[in-house]
Amino acid sequence: MPKPHILQVGAYPAWDQDPLDAAFVMHRYYDAPDKAAFLASVGAQVRGIATRGDLGANAALIAACPKLEVISVYGVGYDAVDLAACRARGIRVTNTPDVLTDDVADLAIGMMLMQSRGLLGAESWARSGDWAAKGQYPLQRKVSGRRVGILGLGRIGLAIARRCAGFDMQIAYSSRAPKPEGAAWEYIPDPVALAARSDFLIVALAATPQTRHIVSAKVIEALGPDGMLINISRAPNIDESALLDALESGLLGSAALDVFEAEPNVNPRFLALPNVLLQPHHASGTVETRKAMGQLMRSNLTAHFAGQPLPTPVL
Ligand code: 8YV
């Protein structure tokens, strides 16, 4: 059987690239200097797209591949894939859930601890000689036992809540409906009310048109000058310009962010702020998890072209 042609939207580590190259004819879109010319030359042969959570596949890319059958996303989030275009043409879509849940939850907790205990500043206090010159590092804020609000109690939100329980935190969550897995915790459907009772608000929602800017200026204001906002989901879940205003004015205490509206470009206003911790969208970025994600992304493509059930379908 001839190898199926796959359009590859972004780069993968060699341990994924090698088996992809062996099983398929891979067309490296990300390497093409002239993207339009590249699509015009290979689009007609493409039966599958391999992409990443942060890159997705937009309507133009999908339209350029008239024989497209399947899009396999290396990531749990598929908000950057134009699902309407896929539905209209019966194109299957897959993602990589579960295998990254622990790492994403770990990063949320790591960012909360790092920011609340001022670890970045403390490191430079020890390294720079400030410790000897100025004395003890300024006192920071406690994490254990304090109030955490989790926006979205899906797989990742639940893993975060379980970790927070290990810190004896007072946990509340918001989701469309109360969840049986969250029975031990307070259910507060309204995000403003959730923020108002929380010291830490962690955003763990899949991004959809309905969740766009769910963390609004009002939510940010309710979290307040002592509150911390943590985002390991997707940037559009937060009104980023309202967040910047609130961080600049002190209306919000601090933030820890792994995702940004214009990533990989970070709004320069963030760079001037001392009360924000910036991370380069790497919540799933460990060798172990990325290997599992790559395997699952490939398994979905292989299953599709073998006419077998897809391991983790979205559509
Ligand atoms: C990305 C992610 O896929 O899982 C997701 O939704 O955003 C990440 O894991 C990552 O950027 C891989 O490139």
Side-chain angles (χ1 to χ4, degrees), residues 76 100-120 122 139-207 211 213-235 237-239 242-243 246-247 250-259 275-279 283-284:
V76 70
L100 47 63
T101 299
D102 284 336
D103 275 2
V104 178
D106 287 354
L107 193 81
I109 301 296
M111 293 200 301
M112 176 167 66
L113 286 167
M114 184 162 172
Q115 185 69 329
S116 198
R117 298 297 304 269
L119 298 188
L120 204 59
L139 298 182
Q140 303 295 311
R141 298 303 303 269
K142 195 173 170 78
V143 171
S144 285
R146 290 179 76 211
R147 297 168 306 173
V148 62
I150 299 169
L151 199 50
L153 202 71
R155 285 176 284 240
I156 292 171
L158 190 60
I160 292 170
R162 289 185 173 139
R163 283 159 173 72
C164 291
F167 288 87
D168 294 325
M169 298 185 82
Q170 302 162 56
I171 301 167
Y173 73 97
S174 194
S175 59
R176 267 173 307 199
K179 302 249 177 156
E181 311 88 287
W185 309 313
E186 195 180 351
Y187 174 60
I188 304 179
D190 174 32
V192 175
L194 182 73
R197 63 66 79 188
S198 297
D199 300 307
F200 304 94
L201 183 67
I202 305 183
V203 190
L205 281 167
T211 67
H213 291 187
I214 189 166
V215 179
S216 60
K218 279 207 169 73
V219 172
I220 292 166
E221 197 181 327
L223 192 53
D226 251 354
M228 182 189 301
L229 181 65
I230 297 155
N231 192 11
I232 44 73
S233 63
R234 283 291 189 269
N237 284 335
I238 294 179
D239 181 339
L243 172 61
L247 285 168
L251 213 57
L252 176 67
S254 61
L257 308 167
D258 188 43
V259 285
N275 51 348
V276 63
L277 172 69
L278 309 172
Q279 296 286 298
S284 67

Please table the atom pairs, donor to acceptor, closer than 3.5 Å between any side-chain atom in residues 213-226 and protein atoms at least two apart or in another chain.
residue	atom	partner	partner atom	Å
Ser216	OG	Lys218	N	3.4
Ser216	OG	Val219	N	3.3
Asp226	OD1	Arg141	NH1	3.3

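- Atom-to-atom distance recorded for Met114:CE and Gln140:CD is 12.0 Å, nearest 0.5 angstrom.
- In this structure, Ile171 and Ala161 approach most closely via the heavy-atom pair CD1-O, 3.3 Å.
- More than 12 non-hydrogen atoms from other residues, nucleotides or ligands lie less than 6.0 angstrom from CZ of Arg197.
- Listed for the Asp168 side chain is no donor-acceptor partner under 3.5 Å among the backbone atoms of Gly145.
- When each of Ile150, Thr211, Ile156 is checked for a side chain to side chain contact (heavy atoms under 4.5 Å, CB included) with Leu205, only Thr211 meets the rule.
- Applying the 6.0 Å contact sphere to CG of Leu120 captures no more than 12 heavy atoms from other residues, nucleotides or ligands.
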Does the pair Glu186 and Leu194 meet the rule for a side-chain contact (heavy atoms from CB on, under 4.5 Å), with working shown?
CA-CA 10 Å; Glu186 195 180 351; Leu194 182 73; over 6 Å; no
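- Classified by interplanar angle (parallel below 30°, tilted 30° to 60°, perpendicular above 60°), the ring pair Trp185/Tyr173 is perpendicular.
- For the residue pair Ala108 and Ile202, the shortest heavy atom distance occurs at CB-CG2, 4.3 Å.
- Across Asn231, Val259, Leu257, Leu107, a single residue satisfies side chain to side chain contact (heavy atoms under 4.5 Å, CB included) together with Gln279, and that is Leu107.
- Distance check, rounded to the nearest 0.5 Å: CG of Asp199 to CE of Met112 gives 10.5 Å.
- Ala204 and Ile160 get closest at one heavy-atom pair: CB-CD1, 4.1 Å.
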Could you go through Asp102 and Arg162, starting from their C-alpha distance and side-chain angles, then the distance that decides it, and tell me whether this counts as salt bridge (Lys or Arg N to Asp or Glu O under 4.0 Å)?
CA-CA 11 Å; Asp102 284 336; Arg162 289 185 173 139; over 6 Å; no
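- In this structure, Asn275 contributes its side chain and Gly253 its backbone to a donor-acceptor pair below 3.5 Å.
- One finds the CG atom of Leu201 at 11.5 Å from the CE atom of Met228 (value rounded to the nearest 0.5 Å).
- Scanning both residues, Val143 and Ser116, for their nearest heavy atoms gives CG2-CB, 3.5 Å.
- Note: Ser254 OG to Met111 CE = 11.0 Å, rounded to the nearest 0.5 Å.
- Between Tyr187 and Leu153, the closest side-chain pair of non-hydrogen atoms is not below 4.5 Å.
- The closest side-chain heavy-atom distance from Phe167 to Val148 is not below 4.5 Å.
- Here the side chains of Ser174 and Asp190 are not in contact, with every heavy-atom distance at 4.5 Å or above.
- Within the model, atoms CD1 of Ile109 and CD1 of Ile232 stand 9.5 Å from one another, a figure rounded to the nearest 0.5 Å.
- Across Gln115 and Leu277, no two heavy atoms sit closer than the pair NE2-N, 3.4 Å.
- Atom CZ of Arg146 is separated from atom CD of Gln170 by 10.0 Å, given to the nearest 0.5 angstrom.
- Residues Asn237 and Ser233 approach most closely at ND2-OG, 3.0 Å, considering heavy atoms.
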